[in-house]
Amino acid sequence: MKGTREDIRIYEPYMIRAIQLAERARGKTSPNPIVGAVVVRNGMVVGEGYHEQAGGPHAELVALRQAGELARGATLVVTLEPCNHYGRTPPCTEVISHSGVSKVVIGIIDPNPLNVVSGISRLKDAGIEVDIGLLAERIAKQNEVFLKHITTGRPFVLVKVAMSLDGRIAEREGVRTKFTCWESAEEIHRLRSEYDAILVGVGTVKVDDPLLTARPSAELFKNPVRVIVDAGAEISPESKIVQTANEVRTLITVTEGADAQRVKALRRTGAEVLEVAGDRDLVDLGNVLDQLAGLGITSVMVEGGRRIISSFVRERLVDKFIFFTCPRLVGGQGLGLIDESLTSMAELDITAVRRLGEDLEIEAYPQQLSEETG
């Protein structure tokens, strides 16, 4: 018999623990979600675990192995509906059904077409009581990248902006300007390591000549795939990006009109060149995202300049913003974040603000996306 909402709340502390466990794997499980699980018996945790990396044991299996015979008659608390299909690992529902647990409390349903609701049905068929929806909103946000990709087929897009308090991203056009304190810079590198890819336009490469890696070290952070939007293959062979293309996977997106000799030269450096829809001056960013998804990329962090960010905003391709705002005023000579191509107001929902050193970090979501999805 399905428990009441009051009954399910007694498992809230254990679901919070499962969420905390899942968080340990952030940036390490793509294209899979991050998942945590806890086995509870007579009010005590007898097993816990999380999905550490794609291809590795799922959270439920880790927790049940730790619990052993103590799982019989216990409750399994898990953030995401257990899988019911064969992938790199056997179905978790099979393991759970033979573990002896009497109840499973699930945070959110898995929208994967291979699994949706079938995991729950399999557990119920095995005589296991199932409750769904505990801390669902919190868990959905934790897995926003996975949920966007699995339901739309496109990568989740984060736009990161470093700017002055009066909304300027550079002192003047074409001038490299640093707007982040040490603490913000450290957070940006951590964010890079959580995303599959980092994307900029060729203009940013020309001005900043960045590496676009996650530092301080590969041991602490993984490097994202570097994606350069460059319709005409104009990126300099001497840029840091091209010079390190053999060390860090680098994708350069060009259009049919790009110079064939420059494209050939780029390929010789170790960079991968993708031909995408668009013309000599303008790349179809939707097509870029589709092609990245085809390469297994589920999340993209956009760090581009004004033109790229304006295009993503104008075409409503942004899922989330993070603004790093420093306590400086640049004034009218400064370069604004959005260009004149945006002709209608873009409304944002600010969901979090925190202090990082002398800066403010602001998390926000486009309103039209939040309204459409929820």
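A quick note: this is a predicted structure, and the numbers were derived from the prediction, not measured.
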Practice problem: Describe, in one word, how the ring planes of His58 and His51 are oriented to each other, choosing from parallel (under 30°), tilted (30 to 60°) and perpendicular (over 60°). | Solution: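 Aromatic pair His58/His51 classed perpendicular.
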
Exercise. Measure the acute angle between the ring planes of Tyr14 and Tyr11, then classify it against the limits of 30° and 60° as parallel, tilted or perpendicular.
Key: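 Ring orientation of Tyr14 relative to Tyr11: tilted.
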
Do [X] and [Y] have side-chain heavy atoms sitting under 4.5 Å apart?
{"X": "Asp284", "Y": "Val276", "result": "no"}
{"X": "Ile150", "Y": "Pro113", "result": "yes"}
{"X": "Ile16", "Y": "Arg138", "result": "yes"}
{"X": "Ile19", "Y": "Thr79", "result": "yes"}
{"X": "Glu183", "Y": "Glu186", "result": "no"}
{"X": "Arg226", "Y": "Leu211", "result": "yes"}
{"X": "Ile188", "Y": "Glu361", "result": "no"}
{"X": "Thr204", "Y": "Glu303", "result": "no"}

Quiz prompt | Cationic N near anionic O, under 4.0 Å, Glu234 to Lys206 | solution =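 Yes, charged N to carboxylate O under 4.0 Å.
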
Self-check item: Sidechain N-carboxylate O distance under 4.0 Å for Glu171, Arg168
Solution: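 Here Glu171 does not pair with Arg168 in a salt bridge, since their nearest N and O are not under 4.0 Å apart.
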
Atom pair [atom1]/[atom2] of [X] and [Y] - distance to nearest 0.5 Å:
{"X": "Glu137", "Y": "Ile108", "atom1": "CD", "atom2": "CD1", "value": "11.5 Å"}
{"X": "Asn223", "Y": "Thr244", "atom1": "CG", "atom2": "OG1", "value": "9.0 Å"}
{"X": "Asp209", "Y": "Ser239", "atom1": "CG", "atom2": "OG", "value": "6.0 Å"}
{"X": "Ser193", "Y": "Lys28", "atom1": "OG", "atom2": "NZ", "value": "8.5 Å"}
{"X": "Ile132", "Y": "Ile120", "atom1": "CD1", "atom2": "CD1", "value": "3.5 Å"}
{"X": "Leu335", "Y": "Gln333", "atom1": "CG", "atom2": "CD", "value": "11.0 Å"}

Quiz item: Does Ile8 share a hydrophobic cluster with Val45, counting links as ILVMFWY side-chain heavy atoms below 4.5 Å and allowing steps through other members?
Solution: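 Shared cluster, yes.
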
Practice problem: May I ask whether Leu212 and Val157 are part of the same hydrophobic cluster, defined by side-chain heavy atoms of I, L, V, M, F, W, Y residues being less than 4.5 angstrom apart, directly or through others? | Solution: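 Leu212 and Val157: separate clusters.
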
Work out which heavy atom in [X] is nearest to a heavy atom in [Y]; give both atom names and the distance.
{"X": "Ser184", "Y": "Leu356", "answer": "OG-CB, 3.9 Å"}
{"X": "Gly331", "Y": "Asp166", "answer": "N-OD2, 2.8 Å"}
{"X": "His189", "Y": "Thr213", "answer": "ND1-O, 3.2 Å"}
{"X": "Glu315", "Y": "Gly286", "answer": "OE1-N, 4.3 Å"}
{"X": "Val283", "Y": "Ala231", "answer": "CG2-CB, 3.7 Å"}
{"X": "Ile106", "Y": "Leu80", "answer": "CG2-C, 3.9 Å"}

Quiz item: Got a donor-acceptor contact below 3.5 angstrom from the Asn143 side chain to the Ile34 backbone?
Solution: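 Yes, because the side chain of Asn143 sits within donor-acceptor range (under 3.5 Å) of the backbone of Ile34.
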
Quiz item: With no hydrogens and no angle check, is any side-chain donor or acceptor of Thr253 less than 3.5 Å from a backbone partner on Leu274?
Solution: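 Pair absent, no side-chain N/O of Thr253 close to backbone of Leu274.
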
Practice problem: Show your working on side chain to side chain contact (heavy atoms under 4.5 Å, CB included) between Phe179 and Val330 and close with a plain yes or no. | Solution: CA-CA 11 Å; Phe179 281 129; Val330 174; 3.7 Å; yes

Self-check item: Residues that Glu144 engages under salt bridge (Lys or Arg N to Asp or Glu O under 4.0 Å), provided they are two or more places apart
Solution: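 For Glu144 the salt bridge (Lys or Arg N to Asp or Glu O under 4.0 Å) partners, ignoring immediate neighbours, are Lys320.
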
Self-check item: Remaining members of hydrophobic cluster (4.5 Å side-chain criterion), Leu165
Solution: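 Members besides Leu165, by chain and number: Leu329.
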
